[in-house]
Amino acid sequence: MRLKRPLVLAVTLLGACKPPTPEEQMDSIKSWLATSEMVAEGWLRHTNPDKYSRQTLELSHETLVQISTDLLSSLPPAVDSAALDSVLASSRGHIDQMARLIAAKNSPDFRRQLDSLRADEKTVEQLSNGMPKQ
Amino acid sequence: MHLVRDVLDKELLDREEEPMGRVDGLIMQLGERSQPRITHIVVGGATLWERVHPAFGRLSRRMSRWWGPKRDKEVRIPWSRVKTAGRDIKLDVEGKDTGAIDWELWIAHHIIEHIPGSGHEEADDGS
Amino acid sequence: MKKILQITLGIVTSVGGFLEIGSVTTAMQAGASFGYQLLWAVLLGTLCLIFLVEMSGRLAAVSKHTIVEATRERFGFPFFFIVLIGMALVSFLVLVAELGGIGLALQILTGVGFPWWAIPVSFVVWVMMWKGTFSLIENGASMLGLVTISFVVAAFKLHPDWGTAAHGLLPTFPDDKKANYWFIAVSILGASISPYLMYFYSSGAIEDEWDETYIPINRIIAGIGMSFGGFLSMAVLIVAALVFHPKGIDVEKFEQASLLMTTALPKWGFTLFALSMLFACFGAALEISLSIAYFFAQGFGWNWSEDLTPSKDARFCLTYTVIIMAAAIPLLFGVDPIKVTIISMALTAVALPLAIAPFLFLMNDPIYLGEHRNGWLSNTVVTIVILLSFVVAIIAIPLEIIGS
Amino acid sequence: MEVKIELLLGAKVRDVNGEKVGRIEEIRVDRSDNALLVEAYLIGASAVVDRLSAWTLVRPIKGLLKSRRIYSLYDVPWQDMDLTDPRHPVLRTAKSDLHHAR
């Protein structure tokens, strides 16, 4: 009996776990885009090994897919969701491509993908400026 | 001397200064008109868990019935065997004979010695 | 001469043993999310740790009792049992995090996922405990841990603006992400003031047979060793502030953390980070497993010493064997060690009063310590920091969970 | 009759008139040639502080506690304690006859 109350409390707390706000999801997306860039730059400069770079780009891709789906369903009307959707899809494509190009050791193509990713990131930055602050 | 501050929960050392548990309980003998006296130190088992909650004591008794070293009675050491009671309680007994380290021996024998490198083989060579 | 050697060794081991997955992760998150702004939390935590470690060494040297033994004797079994449950639970979570940290370090080095490493890693940790001696664990593991000094090198190579960094040593209020700010502050305190370190240190003083002549040595080791350790944490925070903060990278996963030193040390940064985490977590895993086993053995009055062969202290060895095996299980299922770290550091902060309050009583006990009792300074510092971290923790944790 | 000391600890004591006195917190014994004889049962907050050997910690902050209760201590000689039912110890005298030891 004595254990019941803390248990109920814990379950309620877990249930009350907040879903991340759109702003937080946006930060998370930017964080993972920046991570992919940093990994890619590192791979080109040979500061991080192939396997790690490939796995981390794949992880980035996976995480971005997840957050983007969640975010697009809960966007405030102030943001152009169609534009955001397309730029996120394109940046995910670049990340996915880079992960593949590592195995092929193809740095010229890899560099092109990275440049496009950088351009996409700027667009995401601009779109997210339209988001209302908490 | 204060019984709770200076005796209860202190470490017990046997004749060889080997640890043999703690003073988990104390037995007081109450006479009709005579002054009460502390007769025994109790070590381990249900006595200890009883102090947390009676249910823990019952659980401990039930568990020891189907697992671990078998003992009918709790481990009691007469107060007369106490040599000194200072930082630790030093006893004039052999730890093994009292039953206080039954669990230690049981676990050593049933579990630890089956794992390679437990050091029990070397001890056998030495003796 | 012998004393100087002991002091040096003591300082070296405290520096090498200071960083572990908790302090690295929390410092990195602080730097990545808030720049230098949370440096004060590392400073505060280190300061408090210096006092606590000094106290636990002094208690052992003077009274020949570890904190655990004295807690059981003074407060009786029922209260001791509560502390035991609390500390064992928190320490177990930290152990899971450390074993996971070793696995993650191996993962980024080899590409083989960390769940695959859970069993081999726990096995190696267990063998070290089973066959190793106390001094091997204390000195060997922390010598390897000295590779964490590379964080300081990285910090210097990035030429931080020291003036701005110094501002972070004074607490400030954040403009946004308030709940997250205080949550990380609490986690840093929990990571710095790890109770297991006190239990390990005071048991070590008994294993090394300290007496009253060690009081000055103890003071020097605690003061200098832990300060250097604190500098390592600050270095991690500074590097993260310079590398991750401008890019807007939040450290949620170990893969992100791995990039910490690649900017400062392009050639070796990646490997050095992996090795630092590998050795730091390995040392910490040994220390925590030992601490948990010490806690049980000393509380129940079993035979305990890492220097005995296992068949001579069977219950002690069984305890760490079971704990290490159990800690591998969540990792096998792929539970993210970084998440475990964050949770366990915050929980440590909540559980701190449970560990420290009885300790405060013991340190003022004339029977145990005679004239070497605490002065008002130690009492005040420890009381204030503990109350502070507890209050902040019970406010910040629900905020982090429910949202601001 | 046998009594378990560890369970006696914290038992609520009433006096001969049923009035509450406090809890047994400590037991004073005398160690003389191989026997340990119980001299008195100590009741009250002061006995707890004694048991924790915590006077050096309590004395400087006693002003904050705003109460003299921290100094309350009944020292009940063994003759005055009836332990026939160890869970409910009863005094053989009235509470008013007890003298404050401190």
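Just so we're on the same page: letters track the sequence lines, and every chain starts at 1.
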*Asks:* For the candidates C:I108, C:L259, C:T263, which exhibits the highest count of non-hydrogen atom pairs separated by less than 4.5 Å from chain A?
*Replies:*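 Max contact count across the listed options: C:L259.
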
*Asks:* Check step by step if side-chain hydrogen bond (donor to acceptor under 3.5 Å, both in side chains) holds for C:E255 and C:Q107.
*Replies:* CA-CA 9 Å; C:E255 282 83 353; C:Q107 171 182 324; 3.1 Å; yes

*Asks:* Taking every non-hydrogen pair under 4.5 Å, which of A:R45, A:M38, A:Q55 racks up the most with chain C?
*Replies:*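 Ranked by contacts with chain C, first place is A:M38.
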
*Asks:* Measure from the side-chain N and O atoms of C:W117 to the backbone N and O of C:V112, and report whether any donor-acceptor pair falls under 3.5 Å.
*Replies:*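 Pair found, side chain donor or acceptor close to backbone of C:V112.
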
*Asks:* Go through it in stages, so that I can follow the logic: the residues are A:R112 and A:D115, the test is salt bridge (Lys or Arg N to Asp or Glu O under 4.0 Å), and I'd like the CA-CA distance, side-chain angles, deciding distance and then a yes or no.
*Replies:* CA-CA 5 Å; A:R112 270 190 291 281; A:D115 288 338; over 6 Å; no

*Asks:* Evaluate C:T262 against A:T47 for side-chain hydrogen bond (donor to acceptor under 3.5 Å, both in side chains), listing each step before the verdict.
*Replies:* CA-CA 6 Å; C:T262 51; A:T47 60; 4.6 Å; no

*Asks:* Give, as side chain, backbone, both or neither, the part of C:V251 having an atom under 4.5 angstrom from any heavy atom of chain A.
*Replies:*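 Contact with chain A involves no heavy atom of C:V251 at all.
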
*Asks:* Given that the side chain runs from C-beta out, which part of C:T271 has a heavy atom under 4.5 Å from chain A: side chain, backbone, both or neither?
*Replies:*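 Neither the backbone nor the side chain of C:T271 comes within 4.5 Å of chain A.
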
